[in-house]
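Let me begin by presenting the structure, written as structure tokens, before commenting on it.
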Amino acid sequence: MLRREDIPDLWIPRFKFSYEFESKKTMVELGLELPFADRKAEITEMVLDIPYPLYVSEIYLKSYIEVNEEGTEAAASIGAIMMMQQCRSLVVNHPFMFMIREEISNSVFFVGAVLNPLSES
């Protein structure tokens, strides 16, 4: 195992970059089709009491990393746009909470709240 004292003069340049892309096409090409299939609507069970089948219409991935003298900072996020079949309109104009959790272990990865859905920021 390499230790810090083995390399007393190690110089790494500072760097920072981010990357973002819409990944639906790539995921479908890799064989993940059901969440995106509007005819099959495989994610309807994620939401209770909706009148129409639910599916993912778009999914975005974004990552960020910065390395400098103080250390390393990195983050990654995924955002999805979900649609309902045959739904003319759906207005969410009141505060709500949301959660992203892994289904098998029930591990919660992200929890958030929208206090004012009408606000731009």
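Computed from a predicted structure; not experimentally measured. By convention here, the first residue in the shown sequence is residue 1.
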Are V28 and L61 connected in the hydrophobic side-chain network, where two residues link if heavy atoms are under 4.5 Å apart?
-> yes
Working to the nearest 0.5 Å, report the span between CZ of R14 and CD of E69.
-> 4.5 Å
Can you tell me if CD on E29 sees more than 12 non-hydrogen neighbours from other groups inside 6.0 Å?
-> yes
Can you list the steps and then say if I59 with M27 is a side chain to side chain contact (heavy atoms under 4.5 Å, CB included)?
-> CA-CA 9 Å; I59 190 161; M27 293 175 131; 3.7 Å; yes
State whether the side chain of E73 and the backbone N or O of A75 hold a donor-acceptor pair below 3.5 Å, judged by distance alone.
-> no
By ring pair (Phe, Tyr, Trp, His ring centres under 6.0 Å), which residues pair with F21, not counting sequence neighbours?
-> Y19
Please report the shortest heavy-atom distance between N68 and E66, naming the atom on each side.
-> ND2-OE2, 3.4 Å
What is the distance from atom NZ of K24 to atom OH of Y60, rounded to the nearest 0.5 Å?
-> 10.0 Å
Apart from I65 itself, which Ile, Leu, Val, Met, Phe, Trp or Tyr residues share its cluster (side-chain heavy atoms under 4.5 Å, direct or through members)?
-> F15, F17, V67
